[in-house]
Amino acid sequence: MDPVLLNDWHPVALSNRIEAGAMLAADLLETRVVLWRDSGGVLHAWEDRCPHRGTQLSMGTLHDDTLTCPYHGWSFGKEGRCTRIPALPDAPLKAQVAVYHVREQYGLVWVCLGTPAHAGPPAFPEFADDQLRKVWCGPYEVHSSGPRIVENFLDMAHFAFVHEGILGDKQQTVIPDYTVETFDDPEYGSGVWARQCYAFQPQASKAATGGSDIEYTYRVVRPLTAILTKHPPGSIREAIALLLQPLTETTTRVWIVMALNDFTSSDDALRAFQDTIFLQDQPILESQHPARLPLTPGAEVSVACDRMSLAYRGYLKQQNLHYGVLR
Ligand code: FES
């Protein structure tokens, strides 16, 4: 397993989907995980695999903060240690379920399967702004690698073709020059960002009432996390975080968390807008070959407006990421 992603934090579920005394199965990096919340409200993330014969523990039961396997009834307490073997009550209790690091942030459950290389999930300071409303979109399951999905999120030249009439206009396809820099910031974390990106958008957001020139800032703060902020004329402020859950090298669940000051549109309308955009991107993403992002120089032809995509590829190389990429 690629250590860069193994030691990073990834979103796996909505926090509010797991109540006290409930469990939920999730997939991450070819690993099955069972999430469960104990009677005190504390969340646990374990490998969803009984150490006896490999059965999914999430198919069993959870009572009194104890998970019981559905196959032979072995029980496991809060620390993942076996507490009971019904067929052999006096046997030594040595079995231990693999226990993972888990956090709740931005309304999502985050899991790190390895040794955390970061103190927590990626920085998304707009989420803490109480002047901005929060809306969760997705998850969307995509047959593509995480890096291809991030790169699509950073790409403006496709707006006029894939999102015509919403984010782009075929009469205005030119992408003006923009600035790409690496950054290291106490609030935003570190990574690479593109600033002063301009695009004409017929309907930049659910609340937009007509076309306007939009200024974008994109920032990549982890290999599978990108955040864009829009600064349209007028009063709507919007930050959109693309947060990826890598299932395998070429299948990914996509979570989108929006922080915005549109207090008029309903949650359903805002989600429907994002659904429309993402479902337009999905067939393009799933058609790309290879599904893994090629980092080899010359493997794909780039032009000046792909500068942010190239900066992202450089960032992945510098991070030494191998999962979901071809070198
Ligand atoms: Fe879980 Fe046997 S497989 S108790």
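In what follows, every heavy atom counts, from backbone to side chain, and hydrogens, waters and symmetry copies are set aside. For ligands, and for the atoms within them, numbers begin at 1 and follow the listed sequence.
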Residue and atom names of protein N/O/S atoms that fall under 2.8 Å from atom 1 (Fe) of ligand 1: C50 SG, C69 SG
Between S309 and E151, a side-chain donor and acceptor under 3.5 Å: yes
Between F159 and F161, ring centroids under 6.0 Å: no
Non-hydrogen atoms of T252 and G146 that approach each other most closely: OG1-N, 3.3 Å
Residues E300, R148: salt bridge by 4.0 Å N-O rule: yes
Row check, F127 ring normal vs K134 NZ/CZ: under 6.0 Å, within 45°: yes
Determine all donor-acceptor pairs shorter than 3.5 Å in which one atom belongs to a side chain in residues 289-298; sequence neighbours excluded.
unit_1 : atom_1 : unit_2 : atom_2 : d
T296   : OG1    : R327   : O      : 3.3

